[in-house]
Visitor: 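Next up is a structure, given as structure tokens.
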Protein chains: 2
Amino acid sequence: MSVDFSLYNKVFENRIRLQIMSVLMANEGYDFSSLKDLLDVTDGNLASNLKTLEKEGYITVEKSFVDRKPNTRYKRTDKGAKAFENHLSALENLIKQQYK
Amino acid sequence: MSVDFSLYNKVFENRIRLQIMSVLMANEGYDFSSLKDLLDVTDGNLASNLKTLEKEGYITVEKSFVDRKPNTRYKRTDKGAKAFENHLSALENLIKQQYK
DNA sequence: TCATTTACTTTGTTTTTCAAAGTTCTTTGG
DNA sequence: CCAAAGAACTTTGAAAAACAAAGTAAATGA
């Protein structure tokens, strides 16, 4: 009757965090400035949403220098991948339900 | 490369509103107390989220008496159905992208 | 050495969420 | 007929979340 929402994850309720994880699922890693271009957000906003994901243990951060410029690279963790897949399952249930 | 998010709708970023619309897509109508039981929210919270959907023109409200008790019944509008389907499309793109 | 770029952090405002309490309308029991 | 009760709110206010803007650090380039 009703859709199972137990796998729904509030961390991914935010559009920016949802998109960040989506990008990090499709790519092994992605850097700060590329994310910024892709998602069209201010750097402060992006940084704080990345921090939220990091605090949850969903992504890792690696700082280095590329072309003599600072470069910060983000990657999903296994925990993050699992959590995201679970969340997508909840959404998938919602979508499927429509045809029931 | 990146997922199309143009159909993403901020109104449905909230879990409760997302679930309400989901229920109203699968059912012609649904009443207040049944929604309350289903979604496990306080009546104030439910009422305010229903009002948000009503203000957007996504649902309609009909009040009557059933078994001598007040009964409020909610239905999706065409506009609401369209907006919700669009939003699900955006989510579907996100899910599909994972297998690319 | 001074400006510039990247990737933040801090600050503070605005927006959103939500619970709790109060209100209205109608029915029912005494 | 009056009080109590239940449904469905509305109001109030507090807490959390979202963001923009400005400030900062570290390294490089001119």
Side-chain angles (χ1 to χ4, degrees), chain A residues 5 8-24 27 29-76 83 87 90, chain B residues 5 8-24 27 29-76 83 87 90:
Chain A
F5 253 64
Y8 189 86
N9 189 332
K10 209 153 193 300
V11 174
F12 302 123
E13 209 168 58
N14 173 283
R15 191 211 102 209
I16 295 164
R17 291 193 297 270
L18 188 71
Q19 287 188 289
I20 291 168
M21 275 311 284
S22 173
V23 169
L24 294 185
N27 302 273
Y30 223 80
D31 62 39
F32 188 88
S33 59
S34 304
L35 275 176
K36 206 184 126 183
D37 293 344
L38 195 65
L39 305 185
D40 193 36
V41 277
T42 58
D43 53 355
N45 190 354
L46 178 58
S48 85
N49 281 120
L50 284 164
K51 176 126 299 182
T52 299
L53 291 170
E54 196 193 344
K55 274 185 188 154
E56 292 287 332
Y58 291 173
I59 62 173
T60 56
V61 186
E62 279 168 45
K63 287 154 194 283
S64 66
F65 275 76
V66 174
D67 295 333
R68 317 248 153 177
K69 282 178 291 181
N71 180 278
T72 311
R73 195 167 178 79
Y74 300 91
K75 293 182 178 178
R76 66 178 180 275
H87 184 71
Chain B
F5 252 63
Y8 188 86
N9 190 331
K10 210 154 192 299
V11 174
F12 302 122
E13 211 168 57
N14 173 283
R15 191 211 103 209
I16 295 163
R17 291 192 296 271
L18 189 70
Q19 287 187 290
I20 291 168
M21 274 312 284
S22 173
V23 168
L24 294 186
N27 302 273
Y30 223 79
D31 63 41
F32 188 88
S33 60
S34 304
L35 275 176
K36 208 184 124 183
D37 293 345
L38 195 64
L39 305 185
D40 194 36
V41 276
T42 57
D43 53 357
N45 190 354
L46 179 56
S48 84
N49 282 120
L50 285 165
K51 175 126 300 184
T52 298
L53 291 171
E54 196 193 345
K55 274 185 188 156
E56 292 287 334
Y58 290 174
I59 63 173
T60 55
V61 186
E62 278 167 47
K63 287 157 194 279
S64 66
F65 274 76
V66 174
D67 293 335
R68 316 250 156 173
K69 283 179 287 182
N71 181 278
T72 310
R73 195 165 180 80
Y74 300 90
K75 294 183 178 178
R76 66 178 179 275
H87 184 70

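Side chains included, hydrogens not; waters and symmetry mates left out as well; all remaining heavy atoms used. Each chain gets a letter, A, B and so on, in the order the sequences are listed, and its residues count up from 1.
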Visitor: Mind calculating the distance between CG (Leu35(A)) and P (dC8(C)) to the nearest angstrom?
Guide: 11 Å
Visitor: Round to a whole Å and report the spacing from CG of Asp31(A) to P of dT5(C).
Guide: 17 Å
Visitor: In whole Å, I'd like the distance from the CG atom of Leu46(B) to the P atom of dA20(C).
Guide: 16 Å
Visitor: Counting only side-chain nitrogens and oxygens, does Tyr74(B) get under 4.0 Å of the OP1 or OP2 atom of dC9(D)?
Guide: yes
Visitor: Would you indicate which nucleotide in dT9(C), dT17(C), dA20(D) comes nearest to any side-chain atom of Ala47(A)?
Guide: dT9(C)
Visitor: Applying a 4.0 Å non-hydrogen cut-off, can you work out what Ile16(A) is touching in the nucleic acid: base, sugar-phosphate, or nothing?
Guide: sugar-phosphate
Visitor: Quick one: is dA18(D) close enough that its OP1 or OP2 comes under 4.0 Å of any side-chain N or O from Arg15(A)?
Guide: no
Visitor: Could you tell me whether a side-chain N or O of Arg76(A) sits under 3.5 Å from a main-chain N or O of Val23(A), the two making a donor and an acceptor?
Guide: no
Visitor: Report the residue (Ser33(A) or Glu13(A)) whose heavy-atom-nearest nucleotide on DNA chain C is the more 5′ of the two.
Guide: Ser33(A)
Visitor: Should Thr72(B) be listed as having a side-chain N or O under 4.0 Å from OP1 or OP2 of dC9(D)?
Guide: yes
Visitor: Looking at residues 50-58 of chain A, who's got a heavy atom less than 4.0 Å off DNA chain C?
Guide: Lys51(A)
Visitor: Check Leu50(A) against Ile59(A) and note the closest heavy-atom contact, atom names and distance.
Guide: O-CD1, 3.4 Å
Visitor: Contact class for Asn14(B) (heavy atom, under 4.0 Å): base, sugar-phosphate, or nothing?
Guide: sugar-phosphate
Visitor: Quick one: closest heavy-atom pair of Leu18(A) and Phe12(A), and the distance?
Guide: CD1-O, 3.7 Å
Visitor: Nearest to the Pro70(A) side chain among dA7(C), dT9(C), dA8(D), which nucleotide is it?
Guide: dA7(C)
Visitor: If you check the Asn71(B) side chain, which of dA18(D), dC18(C), dA8(D) turns out closest?
Guide: dA8(D)
Visitor: Grab the NZ-C1' distance between Lys10(A) and dA15(D) for me, whole Å please.
Guide: 12 Å
Visitor: Suppose we screen for side-chain contact (heavy atoms from CB on, under 4.5 Å). Which residues come up paired with Thr42(B), at least two apart in sequence or across chains?
Guide: Asn45(B)
Visitor: Is there a side-chain contact between Lys63(A) and the phosphate of dC8(C), meaning an N or O under 4.0 Å from OP1 or OP2?
Guide: yes
Visitor: Looking for any heavy atom pair under 4.0 Å, which part of the strands does Arg17(A) touch: base, sugar-phosphate only, or nothing?
Guide: sugar-phosphate
Visitor: Roughly, in whole Å, what's the span from CG in Leu39(A) to P in dC19(D)?
Guide: 12 Å
Visitor: Would you say Asp37(B) has more than 12 foreign heavy atoms packed within less than 6.0 Å of its CG?
Guide: yes
Visitor: Let me know the distance between CG of Asp37(B) and C1' of dA7(D), rounded to the nearest Å.
Guide: 12 Å
Visitor: Over all strands shown, is Asn45(A) touching base, sugar-phosphate only, or nothing at heavy-atom distances under 4.0 angstrom?
Guide: sugar-phosphate
Visitor: Using the salt bridge (charged side-chain N to carboxylate O under 4.0 Å, His left out) rule, collect all pairs that involve residues 9-21 of chain B, keeping only residues at least two apart or in two chains.
Guide: Lys10(B)-Glu13(B)
Visitor: Does a side-chain N or O from Thr42(B) land closer than 4.0 Å to OP1 or OP2 of dA19(C), or not?
Guide: yes
Visitor: Please report the shortest heavy-atom distance between Leu46(A) and Phe32(A), naming the atom on each side.
Guide: CD2-O, 3.6 Å
Visitor: dT11(C) P sits how many Å from Asp43(A) CG, rounded?
Guide: 17 Å
Visitor: Whole angstroms only, please: what is the CG-C1' distance between Asn49(A) and dA20(D)?
Guide: 13 Å
Visitor: What do the steps show when you test Leu24(B) against Tyr58(B) for side chain to side chain contact (heavy atoms under 4.5 Å, CB included), and what is the final call?
Guide: CA-CA 10 Å; Leu24(B) 294 186; Tyr58(B) 290 174; over 6 Å; no
